[in-house]
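Comments concern the structure below.
Chain A is the first sequence line, chain B the second, and so forth, proteins listed ahead of strands; every chain is numbered from 1.
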Amino acid sequence: MLTLYNSLTKKEEEFHPQTDTVGFYFCGPTVYWTQHIGNMRAFFVMDSIRRVIKFNGYKINHVMNITDVGHMTSDEDEGDDKIELTAKKENKSPEEVANYYWDLCYKDIKKLNIETPEHIVKATSVIDEIIEFIKTLIKNGFAYETQKGVYYDISKFKDYGQLGGMNLNDKLAGARIAVDDFKRNPLDFTLWVKAAENHIMKWQSPWGLGYPGWHIECSAIGRKFLGNNIDIHGGGVEHKTVHHENEIAQNFGVCGTQVVKYWVHLEHLMMDGKKMSKSLKNIESVSSIIEKGYSPLSLRYLYLTAHYSKQQNFTFESLASCETALQKIWNATVENKNGKDLVDESQIKTICKNFENAVNSNLNFPLALSYVWELLKIKNKSKQIYNALLFFDNALGLDLKNAELHLSENKCLIPADITELALKRWQAKDEKNWALADKYRKEIDDKGFTILDKKSGYDILKK
RNA sequence: GGUACCAUAGCCAAGCGGUAAGGCAAAGGUCUGCAAAACCUUCAUUCCCCAGUUCAAAUCUGGGUGGUACCUCCA
């Protein structure tokens, strides 16, 4: 039985989908700059939810949006559109900016063995649906037009603030009102913005030329691809208080119900105890960790070692430890694949059961990993263990079925000068010229490689 | 200022009322020409601090201290 922590009810609940096919929506990236490893943790969590749903035998209809319009530099929907800002800065069209950064993002996602959602939808591709959604909101009395655009009237939705635990009175008391004289309530948010002359991205609408607000795209896309019943909606905590709150309000305005059943929020990845930010210059990306010599799947392993609902502290020391751990798992996978020993089937069954329970207990992957290690502690090498590992990997996503390939990739990276030195060392060793052999080994070591002697011959590994 | 989450060994991190999972690192051993790898063994009388509840607390309550995020403010 799968349980999930539901941010809306603030309880861990048993998961019961509406139908055999689970409707899953996850807030995707705003594609105006390179996604960092903190952003990537969000995609990892998205993928974990996806995998665990399938692990439990459900089918899935998974939707992720790409924000390529409407996300302003302030959550008050003021300032500039982030995409347009970059477009102007980089002297490109907004579309080029969005395509370029999404392409980068998608490549990184694939490197982390994240499965592709059934639907990846750009906000600009659903403008018609967005306009229809807003028209319905106006018709149902939840939205109104002003000189600046169309706004959602939060006074029409009693439960506004439930998800973020906001007390509206407190919030209003603290807020500096009069942001916009035409708004009925200071917390009313933008559904449609009437575009200024120099604005690049704009579409024809019943309210003139303009562009959608940021929050409306997720409701419109969710409605288009998943209908009125979204089983799980996920995203980063930063979206909880405003973005998701507004989505709930929008959905209610059209459907009159809570469209989303389970809200799942992930906490952020920290960098040496601090948040990742441009100003602190402590941002790492998938590319930058690859450049530093780590396998991207080590980063995935690192994500697995902490629970999604807690902040995780990234350090290079921990990344290195994950690299080592993953190599061991890949090694053991290959050993067991070729293993001929017999293992007590009930022992494996117990471990599998424990693994399933851990994963199903609100995605407790750190606990689940401990059962992987328990499995690998078994001395006998057996295909039974290999099969159990592959079974686990449906949830883990460490690409264990290609373990051999990943291990050999590390061997392929050895430059010619290193293989030559290794050969010389082997000859010296054959002649029992230990001093010379050690001299070569030291040279190889200094260049960042290790010699691994075997019964006959040797391997060269990157350190 | 408001709201929420968090604090467990050198690092990462589970556990959330019944007496500290797991990985990495480290130390000792087997192996080896010596190493490395592999394997075996060791590695938190204790869970940020101070009170309280309980037969029993890392886990619950209250008060501190520190970290982080969101809202507000400010740039």
Open item on the list: Taking the six-membered ring for Trp, are A/F316 and A/F314 closer than 6.0 Å centroid to centroid?
Closed with: yes

Among side-chain atoms of A/H199 and A/E84, is any donor-acceptor pair under 3.5 angstrom?
yes

- Query: Which is true for A/K377 with a 4.0 Å heavy-atom rule: it touches a base, it touches only sugar-phosphate, or it touches nothing?
  - Reply: sugar-phosphate

Check your understanding: So, are A/K183 and A/D188 salt-bridged, with charged N and O less than 4.0 Å apart?
Key -> no

ring-ring contact (aromatic ring centres under 6.0 Å, His included) with A/F189: of A/F142, A/Y151, A/Y152, only one passes, and it is A/Y152

Whole-Å distance, A/Q312 CD to B/rG23 P, equals 17 Å

For B/rU68 and A/K274 - does any side-chain N or O of the residue sit under 4.0 Å from the phosphate oxygens OP1/OP2? yes

* Heavy-atom count around A/Q147 CD within 6.0 Å, excluding the residue itself: above 12? -> no

Span that lies between the P atom of B/rA57 and that of B/rC47, in whole angstrom
12 Å

inquiry  = Does a side-chain N or O of A/N364 approach OP1 or OP2 of B/rA14 to a distance below 4.0 Å, or not?
reply    = no

Determine all donor-acceptor pairs shorter than 3.5 Å in which one atom belongs to a side chain in residues 363-376 of chain A; sequence neighbours excluded.
residue : atom : partner : partner atom : Å
A/N364  : OD1  : A/L367  : N            : 3.1
A/S370  : OG   : A/L367  : O            : 2.6
A/W373  : NE1  : A/Y301  : OH           : 3.1

On RNA chain B, more 5' by nearest nucleotide between A/K328 and A/T315 is A/T315

Select base, sugar-phosphate, or nothing to describe what A/K240 touches, counting heavy atoms under 4.0 Å on all strands.
nothing

Regarding the side chain of A/S321, the nearest nucleotide among B/rC24, B/rC71, B/rC12 is B/rC24

Across every strand shown, the nucleotide meeting Watson-Crick or G-U wobble geometry with B/rA20 (both distances under 3.5 Å) is none

The Watson-Crick or G-U wobble partner of B/rC60, with both key distances under 3.5 Å, is B/rG52

What one should report as the nearest heavy-atom pair of A/L396 and A/R300 is O-NE, 2.8 Å

If you measure from the C1' atom in B/rU54 to the same atom in B/rU61, how many Å do you get, rounded?
-> 12 Å

Scanning all shown strands, the Watson-Crick or wobble mate of B/rA26 with both distances under 3.5 Å is B/rU42

In whole angstroms, the gap separating C1' of B/rC12 from OH of A/Y294 amounts to 13 Å

### Query
Would you call the rings of A/F55 and A/F355 parallel, tilted or perpendicular if under 30° counts as parallel and over 60° as perpendicular?
perpendicular

B/rA38 and B/rC50: how far apart are their P atoms, nearest whole angstrom? 42 Å

Which value, in whole Å, describes the distance between the P atoms of nucleotides B/rU41 and B/rG64? 48 Å

Scanning all shown strands, the Watson-Crick or wobble mate of B/rC74 with both distances under 3.5 Å is none

Item to complete: Considering only atom C1', compute the distance from B/rU19 to B/rG62 and round it to an integer number of Å.
Response: 25 Å

When rounded to whole Å, the NE2 to C1' distance for the pair A/H268 and B/rG67 reads 14 Å

* Euclidean distance for P, B/rA36 against B/rU46 (whole angstrom) -> 34 Å

With the side chain defined as heavy atoms from C-beta on, A/A325 is closest, among B/rA21, B/rG23, B/rC70, to B/rG23

The nucleotide from B/rA13, B/rC5, B/rC70 with an atom nearest the side chain of A/E238 is B/rC70

**Request:** Using only side-chain N and O atoms of A/K310, determine if any of them is under 4.0 Å from OP1 or OP2 of B/rA14.
**Result:** yes

Here the distance between atom C1' of B/rC71 and atom OH of A/Y160, to the nearest Å, is 10 Å

* Take atom P in B/rC11 and the same atom in B/rA26, then report the distance between them in whole Å. => 15 Å

Here the distance between atom P of B/rA13 and atom CG of A/L304, to the nearest Å, is 13 Å

note: A/M271, atom CE; B/rC11, atom C1'; distance rounded to Å ~ 15 Å

From CG of A/N331 across to P of B/rG23 the rounded distance in Å is 16 Å

Assign each of A/S370 and A/E335 the nucleotide of RNA chain B bearing its closest heavy atom; nearer the 5' end lies the nucleotide of A/S370

Practice prompt. With heavy atoms under 4.0 Å as the rule, sort A/H307 into base, sugar-phosphate or nothing.
Written response: sugar-phosphate

B/rG33 -> Watson-Crick or G-U wobble partner, both distances under 3.5 Å, gives none

Touch class at under 4.0 angstrom, heavy-atom based, for A/E374 against every strand present: nothing

Across every strand shown, the nucleotide meeting Watson-Crick or G-U wobble geometry with B/rA4 (both distances under 3.5 Å) is B/rU68

Worksheet item: B/rU59 and B/rA9: how far apart are their P atoms, nearest whole angstrom?
Response: 15 Å

A/L266 atom CG is separated from B/rC5 atom C1', nearest whole Å, by 13 Å

Practice problem: Please check if atom NZ in A/K349 has more than 12 non-hydrogen atoms from other residues, nucleotides or ligands closer than 6.0 Å. | Solution: no

Here the gap from A/T450 atom OG1 to A/I460 atom CD1, rounded to the nearest 0.5 Å, amounts to 10.0 Å

Readout for nucleotides 30-36 of chain B: B = base within 4.0 Å of protein heavy atom, S = sugar-phosphate only, - = neither; 5' to 3' it is ---BBBB

When all nucleic acid strands are considered with a 4.0 Å heavy-atom cut-off, which category describes A/S318: base, sugar-phosphate, or nothing? sugar-phosphate

